[in-house]
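None of the values given here were measured: they were computed from a predicted structure.
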Amino acid sequence: MAAGGFRDVSGGSISFEQRLHSSLCGEFTVTSPKLSLRSVLAATSGVWLAAYFAFYYTQNSSVLSATIILTLVGMTVYLHLFKIDHETLLIIGSVGVQLTTLYASGRENVTFIEINKVKDIVINEAIYMQKVIYYLCILLKDPSNPRGVLEVVPVFQSAKPRLDCLTAVYRRCQQILLEAKIRYEQFETNGNL
Amino acid sequence: MVSDFFYPNMGGVESHIYQLSQCLLERGHKVVVVTHAYGRRRGVRYLTRGLKVYHLPLRVMYNQSTATSLFHSLPLLRWVLVRERVGLVHAHSSFSSMAHDALFHAKALGLRSVFTDHSLFGFADVSSVLTNKLLAVSLCDTSHVVCVSHTSKENTVLRAALDPARVSVIPNAVDPTDFTPRAGGRPDPRTLTVVVVSRLVYRKGIDLLAGIIPELCQKYPNLHFLIGGEGPKRIVLEEVREKYQLHDRVRLLGALEHKDVRNVLVQGHIFLNTSLTEAFCMAIVEAASCGLQVVSTKVGGVPEVLPEDLIILCEPTVKFLCEGLESAIKRQQLGTLPSAEAIHNRVKSLYSWRNVAERTEKVYDRVTKEMVLPIDKRLKRLMTHCGPVAGCIFALIAVLDVLFLFFLRWLVPDDIIDIAVDATGVKGVWKQQESFSTIKKHGKTPRNNCKVQT
């Protein structure tokens, strides 16, 4: 188990943790910074202050009520659909790759990709907003074209770690995939793992 | 290398950037091309030899040139220049907004800059006056300027009021392997074919061509015209063909892909270029490389391109072009022309991209020895060189550009930007495919460098 302080592409701090359960299994978790109480209070105060000024000029109390409701609904939606706490990549050489996203509200989103669908795991480059970033992605095999790629599945989409963090994950994933491949070939030739 | 014009778009500037980049890579340099997105081709791509191309998602305004406000491209260009550790920015074409933007931002970032001008431009009309003023602003503090012919150099020096010592002439070249003569020599001389390959636009003298065709077809019953290219003037040629009933003797091939040009050229005996203005004219070099006799208008940089015995130069009028073509036809009939192979070998020795890269490298070496102008001297030069009004306006823009750069550096410092893995250059990893699908073949475990996804 190894943990370290890394940064995302914008310079914000993120924490990275890797658990190596065996030579065929690794778990990598990137944790985004928690939602700070200060920023929540500042945003809420700002919105409510603006609403109070609107109420002062319109003398319509429904403005205040609507603002309170909208703030609470907005906060709930943000925590449930957008604010991500943890992103986990679990790779088991003989089984597959599982991507888990844990939202601030506690909602969990899990995607599983069978190992025989995985063509490769690579670090790619992309233009994102006004930045050029590196991102880790899983390439899925195209059944109709052995050399083609059916789909590109990005990993750690929310945290967007920098290259040093991605390289650590990439290297370990490649070792696991290679180990799995060697064992599978041994099994095919010898008949035992 | 920065320009709005790059593959998949086709043209002289595009092939110049590509071929020059390939030869510089061959010489051990790290080269990165920055252009705008073409349809679904956006993001980062890799071409032959690991040439890295950034297709930036900037809005195209007119004729494949991006819309510019000067500032909107700074965040993205700065990110690219920092992550690729660029030491020199080489911008191409005065028609490219992105090239001018890149030059402006490169100076703000303290990088050396070189500009290559590929075209001739007028002085009198409104668009020329505005473009020339923009060029003067862009080039007044650019380290060095390259032109593709001596005529082009004179034109650029006058347009941008430059010191001629800061302008070099490096011509274009041709890839001799792409343009080889037809196996077994020229086609049957009993039916002579004149080939024209160009965009069918006013600047390429298509109106002159429309005057030449009926006159010569009437005089020479065995003469055929093969015309490749597309454009708004195609209708003029179709009208001529219709009017004089020349459907069997004038073939319009429409738009051609670059790979098909050679196959069209070798079907002919004579290549005709009717351009009204041309800085260099790659087409005549390509035609000569295929062993054709070239007849061309005597405009711009064309007289500098080929030796006198390989080209017949004419004034840009129907009368003189007809005379030129007639003398070329006589040469064909008398058989006094050197063989296609001999012409090809001469052109091959005259123009090579390796030679262009070598000469460009000398420009780079010269530029790296010079000091980049600090902001105060840069502002002074802008104000003295570009006139009292434009000078002050662009000096203000330069200050705003630097302030915007400071803001961006405060927002995301340079050390936060990930340094790109070099695909090419001294520490290039282009040939090292590091992944579980290829490691087994090489018998080694993954190293620090990441696999470059192509």
Side-chain angles (χ1 to χ4, degrees), chain A residues 6-14 23-24 91 93 97 115 118-139 141 146-147 149 152 154 160-186, chain B residues 32 34 36-37 41-46 52-58 71-84 404 408-421 423 429 433-454:
Chain A
F6 288 91
R7 291 189 175 275
D8 64 16
V9 292
S10 302
S13 66
I14 52 171
S23 63
L24 274 179
I91 178 165
V97 180
I115 200 72
V118 175
K119 183 183 175 72
D120 205 347
I121 294 178
V122 297
I123 292 174
N124 210 345
E125 298 172 277
I127 294 169
Y128 169 77
M129 308 291 272
Q130 295 291 322
K131 304 179 180 81
V132 184
I133 63 166
Y134 280 110
Y135 67 97
L136 192 73
C137 59
I138 301 163
L139 307 181
K141 286 176 188 168
R147 294 191 68 184
V149 173
V152 176
K160 294 182 190 67
R162 287 182 65 192
L163 186 60
D164 50 1
C165 178
L166 295 178
T167 309
V169 179
Y170 167 81
R171 266 191 246 148
R172 190 68 196 136
C173 287
Q174 290 294 341
Q175 283 168 1
I176 289 167
L177 290 170
L178 181 64
E179 183 75 24
K181 192 178 182 186
I182 291 165
R183 288 207 190 179
Y184 180 71
E185 282 171 5
Q186 281 175 351
Chain B
V32 173
V34 180
H36 65 75
R41 191 184 289 250
R42 56 179 64 227
V44 185
R45 298 286 180 111
Y46 288 88
K52 193 174 190 177
V53 185
Y54 285 89
H55 289 278
L56 306 184
L58 300 173
F71 302 112
H72 80 294
S73 58
L74 177 60
L76 208 42
L77 278 171
R78 175 222 168 201
W79 202 284
V80 171
L81 297 173
V82 170
R83 82 191 297 266
E84 293 292 347
F404 187 27
L408 290 172
R409 279 179 174 158
W410 170 77
L411 211 62
V412 182
D414 284 2
D415 57 311
I416 292 294
I417 298 171
D418 272 325
I419 298 301
V421 176
V429 294
Q433 294 276 309
E434 304 286 358
S435 79
F436 88 97
S437 54
T438 54
I439 287 160
K440 188 112 199 309
K441 280 183 262 179
H442 305 304
K444 59 185 179 184
T445 53
R447 291 203 301 278
N448 293 1
N449 46 352
C450 309
K451 177 176 149 192
V452 180
Q453 177 62 22
T454 55

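Proximity to chain A (any heavy atom under 4.5 Å) is restricted, for B/Ile419, to the backbone atoms N, CA, C and O. Proximity to chain A is absent for every atom of B/Leu77, based on heavy atoms less than 4.5 angstrom apart.
Between atom CD of residue A/Glu125 and atom OH of residue B/Tyr46 there is a gap of 4.0 Å, rounded to the nearest 0.5 Å.
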When you look at B/Val421 and A/Ile123, which way does the side chain to side chain contact (heavy atoms under 4.5 Å, CB included) test go after all the steps?
-> CA-CA 11 Å; B/Val421 176; A/Ile123 292 174; over 6 Å; no
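Of all non-hydrogen atoms in B/Asp418 and A/Arg162, the two that sit nearest each other are OD1-NE, 3.2 Å. Pairing each heavy atom of B/Gly43 with each of A/Ile127, the nearest pair is CA-CD1, 3.7 Å. Between B/Trp79 and A/Val132, the shortest heavy-atom contact is NE1-O, 2.9 Å.
The salt bridge (Lys or Arg N to Asp or Glu O under 4.0 Å) search around A/Asp164 returns none, not counting sequence neighbours.
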